[in-house]
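Here's the structure, in structure tokens; my notes come after.
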Number of protein chains: 2
Amino acid sequence: MPMARRSQTETAVLGALSMHPMTAYALREAIRDVLGHFWSESFGQIYPTLGALERQGHVERREGPRSGSSTFVITDSGTARLRELLNEPITAAPPRNGLLLRLFFGRTLGVRKCRELLLEAKADAERNLAGYEGLARKISAEEKDSPDLPYVLTTISAGRRSAENVIAWADEALALLGDIPADDTTPTNGESS
Amino acid sequence: MPMARRSQTETAVLGALSMHPMTAYALREAIRDVLGHFWSESFGQIYPTLGALERQGHVERREGPRSGSSTFVITDSGTARLRELLNEPITAAPPRNGLLLRLFFGRTLGVRKCRELLLEAKADAERNLAGYEGLARKISAEEKDSPDLPYVLTTISAGRRSAENVIAWADEALALLGDIPADDTTPTNGESS
DNA sequence: GCGTGCATGTAAAGTGTTACATGATTCG
DNA sequence: CGAATCATGTAACACTTTACATGCACGC
């Protein structure tokens with residue numbers, strides 16, 4: 001029997017509910033918008049997980065904001081379970097960096113396209129950076145007295161630094177690739193300006 | 001019909017074979033050791049993928065270094081296919097950072113454990129950093145005249161910078177968490193020094 | 001009355017990991 | 001000759017995504 005890596009969906013769901021009760025729909029948005037910078041859960045995972053957590057008594061279903069909808073509330077046993085899950089060793093996701101994979105085979109891909117990819121990555125990172133900076137300001141103001149604040153700021157800082165890092169790296173890489181003549185082993189690509 | 005995200009296993013396999021021919025076993029090691037810093041493929045994916053590539057004429061099976069073993073060689077059509085795959089848009093893996101997930105819920109996890117996790121992450125990054133620095137020196141010397149060198153160095157630099165970044169971030173985060181009293185909402189954990 | 005957004009779920013399918021199974025070769 | 005390493009594969013299963021299906025409420 002293949003011993004499966006523990007899924008961390010439970011952790012994310014219980015964690016989000018530990019901040020405040022919400023509907024499954026809101027939970028999905030919270031995971032997308034709040035944890036989105038370092039975590040993701042697909043829609044189809046959230047409902048089954050909530051069902052399982054309910055059966056185990058870790059969350060309770062209350063009257064929702066609309067008829068037919070339900071708000072989920074974490075129970076004491078749920079909080080204990082969350083603590084347990086958070087204390088489990090981190091199961092690292094296998095690395096899968098599509099940009100580095102392409103760059104590594106840059107000789108086959110062609111310098112021109114490599115530069116293009118680097119510029120795209122840099123632009124992306126710049127957008128993200130602006131987002132993180134705005135977010136940090138907003139959260140600092142809004143949640144000034146929340147005990148969660150330092151933890152949240154820490155994760156935002158990780159995102160900000162990572163974006164800055166990509167920008168600096170892209171510049172370095174562009175400089176390094178600048179020395180290579182553009183027709184090295186370049187693909188037979190008709191599209192050029 | 002769920003339109004599946006393209007698997008990039010083919011890309012990694014063809015890419016590795018584009019550097020030089022090898023057996024499936026060696027391929028697995030190359031992917032683990034050479035691409036390992038930014039890519040991973042499980043053993044069970046490599047064989048079926050090689051089989052499919054062979055049926056499509058993108059790789060050919062030659063006499064291997066031992067009886068019963070075969071060395072795989074990329075064909076012209078395989079090189080063309082690799083070029084095609086490398087030019088496809090990058091399918092970003094959904095983010096899943098277990099460390100940030102735990103830190104985000106640090107109030108529940110407890111400051112002490114958060115510090116522990118940060119120190120671990122920092123130590124990891126320091127190990128990696130040393131590895132990258134050694135690797136960069138080694139590759140620079142060994143492959144001095146390889147046309148692949150600048151591309152490879154670029155990916156190593158990404159790893160090195162990322163490790164440096166984690167170290168700096170961990171220090172910042174540790175300082176930030178330094179202000180929080182250790183018994184905030186701390187779990188009932190018996191283990192303490 | 002109709003579109004948009006809130007709300008809840010299920011089903012099909014693909015991706016990827018791990019355990020299992022087996023054998024040859026080399027080296028001490 | 002036994003252990004380590006090279007070598008090749010398969011099968012079960014977990015994980016995750018995405019498409020589909022359905023309905024209510026609210027504003028215009």
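We name chains A, B, ... by the order of the sequence lines, and we start the count at 1 in each one.
- Taking atom CD1 of B:Ile46 as the reference point, atom P of D:dA11 lies 19 Å away to the nearest angstrom.
- Contact between the side-chain N/O atoms of B:Ser42 and the OP1/OP2 oxygens of C:dT17 is found at a separation under 4.0 Å.
- With B:Thr79 contributing its side chain and B:Thr75 its backbone, the two residues share a donor-acceptor pair below 3.5 Å.
- The side-chain hydrogen bond (donor to acceptor under 3.5 Å, both in side chains) check on B:Gln45 picks up B:Thr9, with sequence neighbours excluded.
- For residues 100-127 of chain B, the set of pairs meeting the ring-ring contact (aromatic ring centres under 6.0 Å, His included) definition, not counting sequence neighbours, comprises A:Phe38-B:Phe104.
- Identified under the ring-ring contact (aromatic ring centres under 6.0 Å, His included) test for residues 47-87 of chain B, with sequence neighbours left out: B:Phe43-B:Tyr47.
- Atoms CZ (B:Arg96) and P (C:dT17) sit 13 Å apart, rounded to a whole Å.
- Going from atom CZ of A:Arg32 over to atom C1' of D:dT16 covers 17 Å, rounded to whole Å.
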Going by atom type alone, with no hydrogens or angles, which donor-acceptor pairs under 3.5 Å involve a side-chain atom of residues 160-167 of chain B and a protein atom two or more places apart or on another chain?
residue	atom	partner	partner atom	Å
B:Arg161	NE	A:Glu172	OE1	2.9
B:Arg161	NH2	A:Glu172	OE1	2.8

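- What separates CE of A:Met22 from C1' of C:dT8 is a distance of 16 Å, to the nearest Å.
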When every nucleotide of nucleotides 5-10 of chain D is labelled 5' to 3' by its protein contacts under 4.0 Å (heavy atoms), B for base, S for sugar-phosphate only, - for none, what sequence of letters results?
-BBBB-
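- Using a 4.0 Å heavy-atom cutoff across all strands shown, B:Thr49 reaches no nucleic acid atom at all.
- Put simply, A:Ser7 has a side-chain N or O that comes within less than 4.0 Å of OP1 or OP2 on D:dT16.
- In this structure, the CD atom of B:Gln8 is 18 Å from the P atom of C:dG14, given to the nearest Å.
- Here D:dC15 presents its C1' atom at 14 Å from CD of A:Glu10, a figure rounded to the nearest Å.
- Across the protein-nucleic acid pair, A:Gln45 atom CD and C:dT10 atom C1' stand 14 Å apart, rounded to whole Å.
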Report, one line per pair, each donor and acceptor closer than 3.5 Å where one atom sits in a side chain of residues 60-68 of chain A; sequence neighbours left out.
residue	atom	partner	partner atom	Å
A:Glu60	OE1	A:Arg62	NH2	3.0
A:Arg61	NE	A:Glu54	OE1	3.4
A:Arg61	NE	A:Glu54	OE2	3.1
A:Arg61	NH1	A:Ser70	OG	3.2
A:Arg61	NH2	A:Glu54	OE1	3.1

